[in-house]
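Worksheet for the structure shown next.
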Amino acid sequence: MTGLRLTLPEASINAHLVDIAFLVICGIGGAILLLLLGLLLTFIVRYRRGTSARRGPLPEIWSREIEIGWTTATIFVAIFIFWWFVGASQPPPHNLPGQLEIHVVAKQWMWKTQHPGGAREIDSLHIPVGTPIRLVMTSQDVIHSFYVPAFRLKQDVLPTISTALEFTPTETGSFHLFCAEFCGAQHSRMTGTIVVMSESAYARWLRRQPHGDSLVREGENLYAKFGCGACHAPDSQVHAPKLAGLAGHPVLLSTGAQANADDAYLRRAILEPRADIVAGFSPIMPSYGAVADTSDVEALIAYIKSLPVEGKPR
Amino acid sequence: MVEKDRSRSDLQKIWLKPLLTWTCLCLLLTATCALAYVPMGPGNLPVSLLIAAIKAGLVGAVFMRLAEDAPLNRLAASAGPIWIFILFVLMGTDYFTR
Amino acid sequence: MSDAYLHPPWKDLNRQHQAVTFGMWVFLASEVLLFGGLFAGYTIYRDLYSRGFLAAGHQTSIVFGTINTAILMTSSLTMAVAGRAARAALLRTARLMLMATFFLGVLFLILKGFEYREDIQKGLFPGHGFPLTAAGAQIFFSFYWVMTGIHALHVTGGLAAVLRLIIASARNREWLAGSTSEEATALYWHLVDVIWIILYPLLYLAGRVNG
Amino acid sequence: MNGPIPVGRPDYLRDGSTLRSWLFTTDHKRIAILFAIAITFFFFVGGAAITIVRMELVTPAGDLVSDDTYNKLFTIHGIIMVWFFLIPSIPATLGNFLLPLMIGAEDLAFPRINLLSWYLYMAGASFTLAMLVLGGVDTGWTFYTPYSTMFSNGAVLVAAGGVLISGFSSILTGVNFIATTHTLRTPGMTWFRLPLFVWAMYATSLVMVLATPVLAMTLVLVMAERWLGLPFFDPSRGGDPLLFQHLFWFYSHPAVYIMILPAMGVVSEIITCFARRRLFGYSFMVYALVAIAVIGFFVWGHHMFVSGQSAYANLVFSFLSFMVAVPSAIKVFNWTATLYRGSITFEAPMLYAFGFLGLFTIGGLTGLFLATVPIDIHVTDTYFVVAHFHYIMVGGAVSAYLGGLHYWWPKITGKRYPEAWARFAAILMFFGFNLTFFPQFVMGYLGMPRRYHVYPPEFQVYHVLSSGGAAVLGAAYLLPLAYLLVSLFTNERAGPNPWHAKGLEWQTTSPPPRLNFDRQPIVPNVPYDYHPKGGPVEREETANGDAA
Ligand code: HEA
Ligand code: HEA
Ligand code: CUA
Ligand SMILES: [Cu+2]
């Protein structure tokens, strides 16, 4: 990989769109630049001191018209570029069928990734070509940024808030993964490799991985380890809400407000149980912020989400 | 004691308006403090802010004499609130659509 | 005699006066934006943690807060009267009112000090062992300390400026009548009052209802 | 040309020679010199820091300095270049010196506050030097939380404190300039006869006064969180990770216009003088300046396209960023049109102005790439951004500053600078600059992240080019330092108006007296009243005619 690099592979659908946008704006900007430089040079040569070119004042009205002309023209070009790229860059498709959801946890200074089956990687990510991928990312400490130049994609990875990145790789091969937000001493070493493989190769690769617990299974273990069931099990003596079927449904809070039990809500319920108290319960649940790290919480959430709604198994 | 010789209207001139304003301010303070104890749900905050804005307006218009001041000074005085408004609106485009 | 008030590069007192008040207004715009950042942060978090903010707001001392508001408003009154008196050449009234302003300002700071002591006794400084558990309560108190702290700094600055007027007018009784500093100081003092008027509902009136 | 100089009247440089007469002066011209010395010092400190960075980047491995040192170097470079060099550069030196002269006043409205500005700047500067001594700071000039508040081991408090204090210097300068422009214009100097440089200072001051306090408060919050443990931004205690960024960029985007508006003012003066032409579209130029200053407040979110900000906000900020480009475009077109039918000569200031035109346009146009969301997602935090802002700040603003320095050097010092050397330096700078920063556009698009101490080897060629360019650029900056200093000790007197230029500042002696004018200057009825045909002889005539 040494030597001069002149081009960057286009390894996702998005990459191609970005390159086109880049070329279009290069064209427009280049034309404007050439026009300006051309005028500049012409004037410099023609009107340098001592030439016999015509001089003398310009009529006032004239310059007004010109002024208004180029102002409108610029506004028009600016709006055109804006309008054009808004149209050309469709928002990434949501929840495509067959989408692969991969969890990414960033910390100083490494990338931890986890596949739906439970396989884990550090500083690398294997994905099948042609499959829509959704990365769900959080950070354990400072802000990082997940950047794959070959996909022309980048997304900051924040502590406590999860961000997502959706794309479909279109080319097999190995590509750089960079951390693009300054995050401390070894920011420049927080890099990795994205390996895009054919679907069959990916399946083979996955099989060869150590039997990592799946996220849900891991969550189940943690659920037992932390003793959540002591309160939340259906037959528990403690008055605590049932968690089955909770995810994705509205919850009535003691303030009278309603919350939606999305990932952020569940995360808060585990880390800061007192932030939102469910109506009809008392704030006795301890906070797990000190014992559960970010990936534990993700696992617990995955487990809670997997619990079947009573009566109708999933 | 120069001041004794002054006509009463002079004293009135310097005291009347400020005192009236101060009375209004005190009434508003009482009102806002009392209203804070009236359950209005989400209404409490806007009410107290509205009263605060009126009070600030009174201080500005009378004590700081904006009401009679040069337009230029009024313009300068409005810059602060206007720019805070910009900050709020554009931050809102992010926070309230996340 | 009006030359005594002229500073270079001015040649005309009216013009100098205009420049000083206008300059002060521009500076005040800047001061308003200084607090603007705080207001923005407060708003975002209040939206995010409304419960915690209300619970925390309940812990501030409404008594101190309200009395201090009244004191500051009254000091604004005395300051406004001082200015009017100076312009009407009622120099004794003007001086008295300046002293009243100074006194009220100091009183404000003293009460604020007692309030701080009470807050600290209640453990209301964010950190370990903070008594409130609701999410956002610590953030509320972070804003409380910084907002009131910076405001108190402004009061102190204003007091220094008022003191300067008092001393200068003690040296020369006539000085107040034509000085441009008086008006600038007054504007600054009133702004400090206005800021407090806005802080009051944010810090003291939140969460009074159901606590 | 303006009557004899009164006997025994010293110019401002000779009006007292004790250290005291400098350190306690309220003369805007002397304060300008004090500022000039300080910012020149800091320019070379910032330059020295990045010199080591560029040497490190010659090889892909991190073999010259440790990663921590590297991070501190570019942080120090950014902090110093932005707050201790470029923001005060034109306003506090040329602006301080020229604003009263250009409007025919004896001084700024508040001379003592002006001196206070300098002391505040120096206080902030001492904090910054203390920060260097204490081992530096490694947060990047942007101080992003939670890294700066909870994780960094650098001297964040001292660094932030320095920036905070120097911010108050900016605010006071801004207040002073605004009040001066409103109240001290000499009779006849109406708003629409003001030179564009004055308008530029006015617009800059607006931004300084309205944006800087927000930065100040943000830094206070950072310091309170780091020092007192008050949670404001810390996500682990409920803080919003993006709040800091909003507040920081609310200041820092307008701040980039604090850096470029004064440069635009300088260039307007230079181009009209050396094209001997009235400014094309004067009133549009004025409106454009004010429009940039105001709209500049609406676009800060374009620094946060990948931060997790909402997609809707991204679109709004993107659109507004395109809008702020329009007034800049108007300015570029007007400067070009001013050359039309001019009578152009190529002294060093004009060469710098041409350099500004080209490089600012490239920098600005690449700003449009960054304002385009999908492209920015790819190139943000890469060298593409680094190249963008150096094209504007170094290619644009620093060129304009140097151009202005050469242009007004005779007025400030009374001496002429060596023209041949100056032209050589200007041209060398242009080439060195492009060699340094053009490759950064390419490697940025190819994915080279910024703030990287080690990097994949395929980018090495570009880095080597860039470092080579930086060496040329560094030499080109040392040249003016040398010959301008030497020129101080020559006896080549400049005369009141060596360029036969039209502003009021040229109607007094060089250097001007303590109170700027020996007699009331005469305001021409239009600014830049150059004879339509250009040419030195006619100019001399009109000038005499005016004075009579
Ligand atoms: C003096 C400094 C300066 C100036 C004037 C500008 C001007 C502009 N900047 Fe720049 N910018 C910076 C300094 C500056 N910038 C810095 C320091 C950063 C990085 C900070 C950091 O992260 O460390 C940055 C980063 C930055 C970003 C974020 C990049 C990122 O981090 O992802 C963006 C995104 O929109 C941007 C856009 C613009 C735009 C649209 C302008 C416009 O104002 C430009 C307008 C000018 C023109 C457009 C050229 C002239 C016009 C024509 C020739 C006519 C043709 C025009 C049209 C058809 C519209 N800038
Ligand atoms: C006004 C602003 C300004 C100016 C003038 C400059 C000037 C220069 N800048 Fe800077 N730069 C910034 C503002 C500026 N920069 C900012 C804001 C950042 C972002 C920081 C961050 O990420 O936080 C940055 C970042 C930055 C980087 C990216 C670092 C990284 O991301 O890892 C680079 C890399 O090439 C760079 C290069 C240069 C060069 C070569 C110059 C040259 O123009 C400098 C030329 C001058 C000299 C070379 C000095 C000459 C003097 C000597 C040679 C004497 C030496 C003396 C001794 C050693 C005793 N700059
Ligand atoms: Cu992680 Cu940079
Ligand atoms: Cu910007």
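All values reported here derive from a predicted model rather than from experimental measurement.
Closest approach of A/G184 and D/Y147 over heavy atoms only: CA-OH, 3.2 Å. Here the closest heavy-atom approach between residue A/T74 and residue D/A329 is recorded as CG2-CB, 3.4 Å. Between A/R49 and D/S343, the shortest heavy-atom distance links the atoms NE-OG, 3.0 Å. For A/C179 against D/Y452, the heavy-atom pair with the smallest separation is O-OH, 2.8 Å. Scanning both residues, D/D67 and A/Q186, for their nearest heavy atoms gives OD2-CG, 3.6 Å. A pairwise comparison of heavy atoms in A/R152 and D/I377 identifies O-CG2, 4.0 Å as the closest pair.
For a residue to count as touching a neighbouring chain, one of its non-hydrogen atoms must lie under 4.5 Å from one of that chain's; by this rule A/I161 touches chain D with the side chain only. Heavy-atom distances place no part of A/L165 under 4.5 Å from chain D, backbone and side chain included. A/I25 touches chain D through backbone and side chain together, each having a heavy atom under 4.5 Å away. Proximity to chain D is absent for every atom of A/N14, based on heavy atoms less than 4.5 angstrom apart. For A/I28, no part sits under 4.5 Å from any heavy atom of chain D, backbone or side chain. Heavy atoms closer than 4.5 Å to chain A are found nowhere in D/S283, neither backbone nor side chain. Looking at A/T191, only its side chain comes within 4.5 Å of chain D, counting heavy atoms on both sides. Residue contact with chain D, scored on non-hydrogen atoms closer than 4.5 Å, is absent for A/A53. Both the backbone and the side chain of A/C26 come within contact range of chain D, each with at least one heavy atom under 4.5 Å from a heavy atom of that chain. Using a 4.5 Å cut-off between heavy atoms, D/N334 touches chain A through backbone and side chain atoms alike.
Classification of the D/Y340-A/F43 ring pair by plane angle, with boundaries at 30° and 60°, yields tilted. A/W70 and D/F280 have tilted rings, their planes meeting at an angle from 30° to 60° on a 0 to 90° scale. Classification of the D/F319-A/F82 ring pair by plane angle, with boundaries at 30° and 60°, yields perpendicular.
In terms of heavy-atom pairs under 4.5 Å with chain D, the best-connected choice from A/L37, A/I75, A/T163, A/I32 is A/I75. For the set A/R268, A/R46, A/Q108, the entry with the most heavy-atom pairs within less than 4.5 Å of chain D is A/Q108. Ranked by non-hydrogen atom pairs under 4.5 Å with chain A, the options D/Y144, D/F346, D/Y445, D/W335 are led by D/Y445.
D/N153 CG: 12 or fewer foreign heavy atoms inside a 6.0 Å radius. Within 6.0 Å of CZ on D/F151 lie more than 12 heavy atoms contributed by other residues, nucleotides or ligands.
Considering only heavy atoms from C-beta on, D/P146 comes within 4.5 Å of A/P159 through its side chain.
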Could you walk me through whether D/F74 and A/F182 satisfy the ring-ring contact (aromatic ring centres under 6.0 Å, His included) test, starting with their C-alpha distance in whole Å, then the side-chain angles of each, then the deciding distance to 0.1 Å, before giving a yes or no?
CA-CA 12 Å; D/F74 72 69; A/F182 180 69; 5.6 Å; yes
